[in-house]
Structure formats: structure tokens, C-alpha cells
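Heads up: the structure comes next, in C-alpha cells.
Naming convention: chains lettered A, B, ... in sequence-line order (proteins, then strands); numbering from 1 in each chain.
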Amino acid sequence: MPIRLTNSLTRAKEEFVPLDPANVRMYVCGPTVYDFAHIGNARPAIVFDVLFRLLRHEYGDAHVTYVRNITDVDDKINARAAEIAANSGMSVEQARAELTATTERQYIEDVTALGCLPPTVSPRATQHIGEMIALIEQLIADGHAYAADGHVLFDVASDPGYGKLSRRSTDDMIAGARVEVAPYKKGAMDFVLWKPSDDATPGWDSPWGRGRPGWHIECSAMAGKYLGDTFDIHGGGIDLQFPHHENEIAQSECAHHKPYVKMWLHNGFLQVEGEKMSKSQGNFFTIRELLADWPGEVLRFNMLRTHYRQPIDFTFAGLRESWKMLERWYAVTEPLANPAPDAVFLDALRDDLNTPAAIAALHQADDLALAGGLGFLGFSNVQMKIAAKTEVDTVAIADAITARNAARKAKNFAESDRIRDELLAKGIVLKDTPQGTTWEVKR
RNA sequence: GGCCACGUGGCGGAGUGGUGACGCAGCGGACUGCAAAUCCGCGUACCCCGGUUCAAUUCCGGGCGUGGCCUCCA
């Protein structure tokens, strides 16, 4: 069975046929590194990690290139860097470098804990300023961009294909716009490719003076450098579809005169307990703080229980349910060696990455296929074990179990039940098996 | 205001123009000193109103609700 994926460009489920099976190419928009990533950021990282694993399975590990960028130039970063500089005596440029390096490291730690493989390439925007300038010069030369008032802007009117991804006509967008149009723009929809930096803002020398790139140009430049003018898959959150991805298409196709991406994939939005996640509502969770209470595998599994295109409601009840299922499965799968997933499981993933159907297949699978499927999805049991072992005093529990079993042997059940209840009050659940008494932490 | 997505049993969540996926919880049974764990069994749901159809949860139109984008936010 071939892989089929829903292409946002056509809104249809299409068979995935790589441009070059020897080098399948995927780009996913990565984080802007100014603060800890939150649970909403975890969704694309996990979803496209599963797609990466599936592509590697189908085409071979050496034949898939996955690029996920690091956005380390951005006005939110600049604002934070300015704060740090003011408080520390560092220069703004030093503060920016330190902030982005630290945040990038934290991001990698977080998504690693969530079971995500490292991408093939993780390019940083600031290391590709030259490529961005070259791309902008090409756009100007071809009449798709113009310099005005220290800025360089993309001329949306020069691109007849503009709007094909988000399916908006420029008339609709102008009618719906609620912001003032900057006076230097020729068209209301024109967007910034390059903007000037003052002395307090990080900047790079360019043909248009010292400045910094606009938001969209970095992805076009880095995707082009590592994946070529045309590549197979571009992924990201649905919120990025417009304007970010629409503008990427405009830039790359007008500069290269070729299709930019064959298939666009967008994951759905995440809510928390039925409401929009926001700092003001107090339901904002970083990956880092969730990892303090929940194994990364539980967070990962919880995410994969919903199809990637659906909206997802992140809840703690769901997390508890996910923990329970994984625990049950790990008890069965742990001793097995060299497991392999079965065809039902793989076909579910090939069908537009249907992870809920794949998980359902695991419920029906034998132990070997179950272990194979879990391994395929990136579950290892390591963090679950760590979580179980670090929270409790194992020596005291072992002593209590010994005392209880002595009481049971003497048929003193009042005493044995008292000991069991005492442990239960501490969150320890006992299980009497033919091989002896075991325990686990109750969730 | 404009554009777009989603709305399935107590809960989570696939899928389909016509035999009620799957999981969690719950209930019954086995097991157990009693439990827990495990195993076996048990469930006639598709937001509302129209339309198309022999037949709609599934297709079309409208409404309501939730959310996204248009503006920094994933």
C-alpha cells in the first residue's frame, strides 16, 4: 500500500510519490528560540517525527532528508535580548546569541524527551543571511520585489498565483484587514523581505543598508539550500498556513520559476481542557514543566491518539489514560526482542498518518506486533521506568511487603490489609502474582 | 466583518451512503483469604433544521456552537 497524505494545496488525500526515492525531502517549520516551547509546539514536532519515521521505513534511513529550522532572528528575540542586555551589561548581540543558543538547547532536550529523532539538518537562520540576501536580490531583479524606505518588500500583485494555499483572494484579505497599511508599501498585502535595524537592534550589512530579514524569507532560503528549488513535503501548524506558508511559496516560486513544494501538510490546533491555551487564562503549559510530572512518552502517546489534522484537546484526564495504556503495554512488550509491526498497523500510518487507527490496531495485535508498533512510533519504556523508580522509597516498600506476606502466611489478614492500605495511602498499589508480590505507583 | 476548519456513546477517538472500529470508565463473571493486576462477557452514539437518495452519522444547503487565520502568538 502506498503512502497517502492530505495535501493542503489541493485539500485532497493524494498518493505520495517522491520526486526522488533516493532522497525524499521534507521541511518543517521549527521554533523561534526566545523562550521554552509549549505543549502546542510539541504537536508538529511529534507528528512530523512520526512521518519522518514512516518515510525512513518506506525509503530507507539514508534516503530521507528532514530539515527543521531554528529561527534565531526575530523581533521577539530582539526584545528579550534587549532586556537581558540592559540587566547584564552584555551587548545586545551577545545577549541575542546567548539567549538563542540556550533556548535552542532547551528545545532539543524537550523534543528528545518526547521521543523525537534529530532532523537530518537543523539550520539556524542567522547562518544563512547570505542566502536570504541572494534570494531577495533575485526577486528584485525579476520584478517581484522593491526597495522602499530602507525596506525591501515583496510585490504581491506581481505574483498571479498568490493565495493558492490559503485560498484567499487579495480582495478578501484587503476587505477583512483591520490594520493600517505602512505608507512605503505599494500594495496593501505586500510583505517585508528585509527591514532596517537601528544601532540597538541586531543587523547585518546588505545592499539596502544594515538590517535584518523578514519572517518568511529564512524558510525559503534554507529550504532551497538543503532541499533544492522543489521538494516533496512541507509541514507545520495550520496557523502558519497564512501568511507564513503562502509567502514562502510566493518568494520561492517567483525566484526559482518552479513549483516550491509538492505536498503541504498542516497539523490541527491544540486546546487545553476545552479552552484556548493562553498565559492570561492560566492554562499555558511548557513542555518543560509537563515533563516534571509526566514521562515524555506519555505526552507523546497522548498526542498521537488524535489524528494530526484534527483539533486536539489537551487534558490531564487524557494524560492519565495514556499513562495507563502504555503501562499495560510495556508490561507485555518489555521482554520481546526484534519485534516488527504488522501490516494493519503500517497501513493505518500509510493512510494519511492515521495514528489513532494504528493505535487501535495495536490493541488487536499479538505481543510481537505490539512491541514492533510501539518501537516504530518511538516508544522505548525508558522514561516510564525512570519515573517509577525515582518517586518512592523502594527499600521501605520491600520491607512492608515482606511484613505483609508474613502476616498473610499466618492468616493474620487484618494486619496484612492494614499494611496494604498504608502503602495505598502513599500511592503504592500492590499486586500478588504467582511469582510473588510486586508494586507500582498509582496515577 | 472576511476566509477556513471542527461538532460521533459517560469520556477519548477512528470510520463509513446500507452489518454500531478501538480504547478509558462502568457493570457481570473467572482468579484472589479479600483486593489489585490479568482474563472472559456486556454498549443500537453520530449538534439542529431542510434537501438529494430505495437508504445519510456519512453527500448538498442553512442554522447554532467551538476554534483558527486575517494582527505578535504554534
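Looking at the side chain of A:Met325, the nearest of the listed nucleotides B:C24, B:C69, B:C22 is B:C24. Side chain of A:Trp215, nearest nucleotide from B:C73, B:C4, B:C22: B:C73.
Sorted by residue number, the members of residues 266-274 of chain A with any non-hydrogen atom under 4.0 Å from RNA chain B read A:Phe269, A:Leu270, A:Gln271. Contacts with RNA chain B (heavy atom under 4.0 Å) in residues 365-376 of chain A: none are found.
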B/S/- contact track for nucleotides 25-34 of chain B, protein heavy atom under 4.0 Å
S-------BB
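Taking the side chain to side chain donor-acceptor pair (under 3.5 Å) definition, one finds that A:Gln241 meets it with nothing, sequence neighbours left out. Under the salt bridge (Lys or Arg N to Asp or Glu O under 4.0 Å) criterion, A:Lys185 pairs with no residue, sequence neighbours left out. Partners of A:Arg328 by side chain to side chain donor-acceptor pair (under 3.5 Å), not counting sequence neighbours: none found.
Taking atom C1' in both B:G15 and B:C54, the straight-line distance is 24 Å, to the nearest Å. B:G68 sits 30 Å from B:U57 when the P atoms are compared, rounded to a whole Å. With both ends at atom C1', the span from B:A55 to B:C64 equals 27 Å, rounded to whole Å. Nucleotides B:C6 and B:G61, compared at atom P, are 13 Å apart to the nearest Å.
Taking the six-membered ring for Trp and the full ring otherwise, A:Tyr27 and A:Tyr66 have centroids separated by 6.0 Å or more.
A salt bridge is defined here as a Lys NZ or Arg NE, NH1 or NH2 lying under 4.0 Å from an Asp or Glu carboxylate O, and A:Lys13 with A:Asp351 meets this definition. Between A:Glu93 and A:Arg96 there is a salt bridge, since a side-chain N of the basic residue sits under 4.0 Å from a carboxylate O of the acidic one. Taking 4.0 Å as the cut-off between side-chain N and carboxylate O, A:Glu14 and A:Lys262 do not count as a salt-bridged pair. Look at A:Arg408 and A:Asp432 and you find a salt bridge, because one of the NZ, NE, NH1 or NH2 atoms lies within 4.0 Å of a carboxylate O, short of that distance.
For the pair A:His245 NE2 and B:C70 C1', the computed distance is 16 Å after rounding to whole Å. Atom-to-atom, CE of A:Met189 to P of B:G2 comes out at 17 Å; the value is rounded to the nearest Å. With rounding to whole Å, A:His38 atom NE2 is found 7 Å from B:C73 atom C1'. Note: CD1 (A:Ile401) to C1' (B:A37) measures 14 Å, nearest angstrom.
Among the heavy atoms of the strands lying under 4.0 Å from A:Leu430 is at least one base atom, whether or not backbone atoms are also near.
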Dot-bracket for RNA chain B, 5' to 3', with Watson-Crick and G-U pairs under 3.5 Å, [ ] for crossing pairs and | for other-strand pairs: what is it?
(((((((..(((.....[...))).(((((.......)))))....(((((..]....))))))))))))....
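Between A:Lys76 and the phosphate of B:C73, there is a side-chain N or O to OP1/OP2 separation shorter than 4.0 Å.
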Just list the side-chain donor-acceptor pairs under 3.5 Å for residues 413-420 of chain A, sequence neighbours left out, or say none.
unit_1   : atom_1 : unit_2   : atom_2 : d
A:Glu415 : OE1    : A:Arg418 : NE     : 3.1
A:Glu415 : OE2    : A:Arg418 : NH2    : 3.1
A:Ser416 : OG     : A:Phe413 : O      : 3.0
A:Arg418 : NH1    : A:Glu422 : OE1    : 2.6

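Applying the side chain to side chain donor-acceptor pair (under 3.5 Å) test to residues at least two apart or on different chains, the pairs with a partner in residues 212-224 of chain A are A:Asn69-A:Glu218, A:Thr71-A:Glu218, A:Asp75-A:Arg212, A:Ser197-A:Arg212, A:His216-A:His244, A:His216-A:Asn247, A:Ser220-A:Gln251, A:Ser220-A:Ser252. Within the structure, no pair that satisfies the side chain to side chain donor-acceptor pair (under 3.5 Å) test touches residues 355-379 of chain A, not counting sequence neighbours.
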Would you tabulate the pairs of protein nitrogen or oxygen atoms and nucleotide nitrogen or oxygen atoms of nucleotides 60-63 of chain B closer than 3.5 angstrom?
none

Dump the pairs, protein N or O against N or O of nucleotides 6-14 of chain B, anything under 3.5 Å, distances to one decimal.
unit_1 : atom_1 : unit_2   : atom_2 : d
B:G12  : O2'    : A:Arg305 : NH2    : 3.1
B:G13  : OP1    : A:Thr306 : OG1    : 3.2
B:A14  : OP1    : A:His307 : N      : 2.7
B:A14  : O3'    : A:Asn354 : ND2    : 3.0

